[in-house]
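Chain letters run A, B, ... following the sequence lines, proteins first, then strands; residues in each count from 1.
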There are 2 protein chains.
Amino acid sequence: MEENKHVTIYDIAERLNLATSTISRALKDHHTISDKTIKKVKKTAEEMGFVPNTLAAGLRGNKTKTIGVLIPTVTQPFLSSLISGIEITAQKSDYTVIIMQSHDSYEEEVNMAKSLYSNRVSGVICSLAMETRDTAHFHQFSNNNIPLVFVDRVPKDYNTFRVVIDNYSAGYKATKHLIEQGCIRIAHLTAGSELGNLYNERKRGYIEALKDHNIPVEEELIISLNSVTYEDGVKASNTLFDLKPMPDGLFAPGDILAVSAVQTAKKRGIKVPEEFKVIGFNNDPISQIIDPNLSTITHPAEKMGKAAAEIIIKNLKSSKNDDAKEITFLNTEVLARESSSNELLKDI
Amino acid sequence: MEENKHVTIYDIAERLNLATSTISRALKDHHTISDKTIKKVKKTAEEMGFVPNTLAAGLRGNKTKTIGVLIPTVTQPFLSSLISGIEITAQKSDYTVIIMQSHDSYEEEVNMAKSLYSNRVSGVICSLAMETRDTAHFHQFSNNNIPLVFVDRVPKDYNTFRVVIDNYSAGYKATKHLIEQGCIRIAHLTAGSELGNLYNERKRGYIEALKDHNIPVEEELIISLNSVTYEDGVKASNTLFDLKPMPDGLFAPGDILAVSAVQTAKKRGIKVPEEFKVIGFNNDPISQIIDPNLSTITHPAEKMGKAAAEIIIKNLKSSKNDDAKEITFLNTEVLARESSSNELLKDI
DNA sequence: TATTTTTACGCAACCGATTGCAATTGTTGT
DNA sequence: ACAACAATTGCAATCGGTTGCGTAAAAATA
């Protein structure tokens with residue numbers, strides 16, 4: 001048992017007095033191999049503890065049954081759910097998933113893209129880093145017919161598959177919900193990003209909703225953040241609460257920000273939702289834990305992951321170089337919970 | 001640009017009228033190659049868009065500079081921080097990390113272990129699935145001299161590297177903290193798991209702390225959960241709150257459980273920490289967001305990840321088959337926050 | 001029984017980088 | 001000018017499956 005060398009098909013071939021080609025075929029139920037031989041080979045392989053060397057197979061066939069996932073981080077609930085969805089689908093078709101984190105750094109994204117290519121992944125699913133401004137590092141995939149799917153934070157000028165939600169309409173829905181709950185002075189947080197324009201889209205929805213309901217768009221109510229963090233959220237919230245008159249609602253394009261606003265409000269003695277209603281985005285786990293429960297917009301992370309993986313696998317099967325790189329839009333919904341409710345007012 | 005074939009060292013060799021061996025050596029600054037040639041080769045490689053084929057190198061050298069990480073899920077804050085630590089260290093030494101999730105299923109763990117082996121990872125870092133009762137599927141690594149490091153949820157009878165915290169002493173510290181805050185009837189939640197004995201250890205610390213302070217250990221205050229989820233936490237909390245006399249403190253071996261207890265208490269009008277003090281475990285992000293802030297035990301996830309990766313890399317470098325598989329213990333601390341404070345009592 | 005068709009399996013090249021050893025060129029000493 | 005040696009580069013095998021093509025044996029058909 002000590003210092004075993006890997007068992008190869010050569011070892012099996014020798015033991016059974018067969019050619020390696022026969023072993024190889026038998027192991028994958030090739031039709032030209034007799035059932036008797038297949039059984040014999042499989043049994044012996046099992047006995048000898050044979051484990052196929054993926055590298056050899058991948059090198060020869062130039063395909064690895066591996067999906068590379070390149071995302072900013074695995075710690076965000078949305079992204080870990082995305083991974084979950086990818087994995088579930090991948091596993092069904094016997095694909096391996098390899099995950100790399102760009103940490104929202106352009107440089108790292110470039111390196112990891114090269115690394116994925118170097119590892120000859122069969123397909124790539126990517127959500128862009130915040131920093132990323134150009135996408136040249138993805139050409140290596142496109143040029144070599146390796147299916148590439150962008151998810152959520154996607155470039156708008158790249159001819160490849162995309163799986164997204166309609167951020168504009170989600171922003172519109174969120175804002176409209178607040179209006180319907182009686183808000184007339186609704187604030188909004190946003191963040192700048194050229195390529196992943198999802199915050200801009202949400203903001204566009206926010207503005208349109210206001211306009212459609214004849215509510216003036218006030219610049220002081222729209223705060224642009226450097227980073228979507230709890231700390232920046234607190235800062236922005238305080239700025240908002242210092243305004244007079246104070247806003248009576250907030251559409252935060254992320255639950256972390258929404259939570260920071262709720263907490264800040266509480267600290268300042270501002271009652272949520274009575275004096276200040278909040279709706280977030282993503283339906284992160286925390287939205288159900290915080291008090292009051294956070295109204296939010298669903299973001300179908302797992303579904304998006306599944307969809308992206310399915311696109312890759314389907315594309316790999318048909319292997320026809322379709323030029324039709326469709327964009328998949330998934331649905332979002334308003335999840336009305338306590339933080340935006342006007343029911344409480346009646347009770348009191 | 002259409003339908004490029006991968007550029008190989010053969011292409012470079014042909015272009016420069018050199019042998020592939022020269023190219024290969026030049027690309028990694030081999031001392032037998034002249035500076036002039038090295039420069040020329042690197043320049044041409046760059047121009048031609050050469051990306052080394054990891055598969056070929058891995059196949060030939062039977063090593064891949066890849067660390068396989070096999071964990072229950074990426075969605076738990078502790079585990080995603082662990083990954084983060086692993087990646088930071090791995091990247092410094094130019095290792096690639098491939099992550100697989102067992103979803104706490106034994107069967108999946110077995111499959112993914114095989115998959116990692118099949119991919120010829122250079123080393124493996126694993127935190128066991130809840131379900132796992134035997135570790136035979138890790139022999140393939142041990143037998144083939146592939147460094148294996150268990151982290152956090154580790155088997156106790158496996159001669160390999162382990163990176164853990166001292167769960168016993170952490171449990172002791174947590175309980176002692178509550179006692180010092182004035183609690184005299186401290187409840188505890190726990191979960192069963194044969195291999196990953198960390199909950200048992202924490203419980204052992206809890207019991208010892210009580211004994212050392214002459215507090216009777218009451219069975220009704222110790223609730224064993226099937227799963228460490230918010231829902232099960234709520235159920236258990238309600239059971240505890242129905243007791244008379246009610247416990248005045250809780251040591252929950254996880255922040256999710258602690259949060260569920262806090263929320264349940266609030267719902268029932270029980271004041272935290274005045275009537276009921278809580279300390280959790282892990283220092284998850286939510287512990288700082290919930291109101292009142294949650295006292296907890298730090299769990300140095302990122303450090304553990306770094307330590308584990310360092311062990312792998314160091315071991316791979318020296319490549320001497322040390323039989324000394326040390327266990328690394330990392331430190332934990334009590335993080336006293338609002339949920340266990342007795343300061344508030346004085347204020348009121 | 002002779003011939004065609006199936007069935008089952010073997011041969012050998014191939015994927016791309018690595019590396020021990022041989023070969024070539026250049027340099028130094030006498 | 002020539003041996004001795006160092007500096008460079010080339011040759012060819014190797015890692016372990018995969019696959020097109022060829023062939024022998026068994027079965028079907030004439």
Side-chain angles (χ1 to χ4, degrees), chain A residues 4-42 44-45 48-66 94 114-115 117-122 144, chain B residues 4-42 44-45 48-66 94 114-115 117-122 144:
Chain A
N4 266 332
K5 261 312 144 225
H6 307 285
V7 178
T8 73
I9 57 170
Y10 288 89
D11 302 324
I12 303 176
E14 192 175 15
R15 175 95 87 94
L16 293 178
N17 242 3
L18 288 170
T20 60
S21 50
T22 305
I23 309 297
S24 174
R25 291 186 176 111
L27 287 172
K28 38 191 44 169
D29 296 308
H30 197 277
H31 68 278
T32 66
I33 308 294
S34 70
D35 289 348
K36 203 183 353 165
T37 307
I38 289 182
K39 248 175 225 147
K40 197 167 51 178
V41 169
K42 284 190 175 173
T44 309
M48 299 179 72
F50 169 75
V51 179
N53 185 330
T54 313
L55 302 175
L59 174 59
R60 167 61 217 246
N62 205 40
K63 57 182 175 224
T64 53
K65 290 211 114 186
T66 294
D94 209 33
K114 193 181 289 186
S115 176
Y117 181 76
S118 185
N119 278 286
R120 295 298 185 270
V121 292
S122 299
N144 285 289
Chain B
N4 267 332
K5 259 315 147 219
H6 305 284
V7 178
T8 73
I9 57 170
Y10 289 90
D11 301 325
I12 304 176
E14 194 176 14
R15 175 96 85 94
L16 294 177
N17 240 6
L18 288 170
T20 60
S21 49
T22 305
I23 309 297
S24 173
R25 290 185 178 111
L27 287 172
K28 37 191 46 166
D29 295 308
H30 198 279
H31 69 278
T32 65
I33 307 294
S34 69
D35 289 348
K36 202 185 353 167
T37 307
I38 290 183
K39 246 172 228 150
K40 194 168 54 178
V41 169
K42 283 190 175 173
T44 310
M48 298 179 73
F50 169 75
V51 179
N53 185 329
T54 313
L55 302 175
L59 174 59
R60 168 61 216 248
N62 204 42
K63 56 180 176 233
T64 52
K65 289 213 115 186
T66 295
D94 209 33
K114 193 180 290 185
S115 176
Y117 181 76
S118 186
N119 278 286
R120 295 298 185 267
V121 292
S122 299
N144 286 289

### Query
Does atom NZ of A:Lys63 have more than 12 heavy-atom neighbours, drawn from other residues, nucleotides or ligands, at distances under 6.0 Å?
no
## Note on the structure
Heavy-atom closest pair (A:Val51 atom, B:Arg120 atom, distance to 0.1 Å) is O-NH2, 3.7 Å
### Summary
In whole angstroms, the gap separating C1' of D:dG16 from CG of B:Asn144 amounts to 15 Å
### Query
Side chains of B:Thr66 and B:Asn119: does their closest heavy-atom pair fall under 4.5 Å?
no
### Heavy-atom side-chain proximity of A:Asn53 to A:Thr8 below 4.5 angstrom
no
### Message
Using whole Å, what does the distance between atom P of nucleotide D:dT9 and atom NZ of B:Lys39 come to?
### Response
13 Å
### Query
With a non-hydrogen cut-off below 4.0 angstrom, is A:Asp35 in contact with a base, only sugar-phosphate, or nothing?
nothing
## Note on the structure
Closest non-hydrogen atoms of A:Gly58 and B:Leu55, given as atom of the first, atom of the second and distance, are C-CD1, 3.6 Å
### Summary
Readout for nucleotides 17-24 of chain C: B = base within 4.0 Å of protein heavy atom, S = sugar-phosphate only, - = neither; 5' to 3' it is BBBBB---
### Query
Contact class for A:Leu18 vs. all strands (heavy atom < 4.0 Å): base, sugar-phosphate, or nothing?
sugar-phosphate
### Query
Contact class for A:Thr32 (heavy atom, under 4.0 Å): base, sugar-phosphate, or nothing?
base
## Note on the structure
In whole angstroms, the gap separating C1' of C:dC15 from CG of A:Leu55 amounts to 12 Å
#### Entry: Integer-rounded Å distance: D:dA7 P and B:Ile38 CD1
14 Å
### Query
Less than 4.5 Å apart, any side-chain heavy atom of A:Leu27 and any of A:Phe50?
yes
### Task
Assign each of B:Ile33 and B:Asn62 to its nearest nucleotide of DNA chain D by heavy atoms, then name whichever residue's nucleotide is nearer the 5' end.
B:Ile33
### Query
Which whole-number value in Å describes the distance from A:Leu27 CG to D:dG16 P?
15 Å
### Query
Whole-Å distance between C:dC14 P and B:His6 NE2?
18 Å
### Minimum side-chain heavy-atom gap A:Leu16-A:Lys40 below 4.5 Å
yes
### Query
Within this structure, what is the CG-to-P distance between B:Asp11 and C:dC15, rounded to whole angstrom?
11 Å
#### Entry: Pairwise 5' ranking along DNA chain D for B:Thr37 and B:Leu59, keeping only the more 5' one
B:Thr37
### Task
Measure from NE2 on A:His31 to P on D:dG20 and round the result to the nearest Å.
11 Å
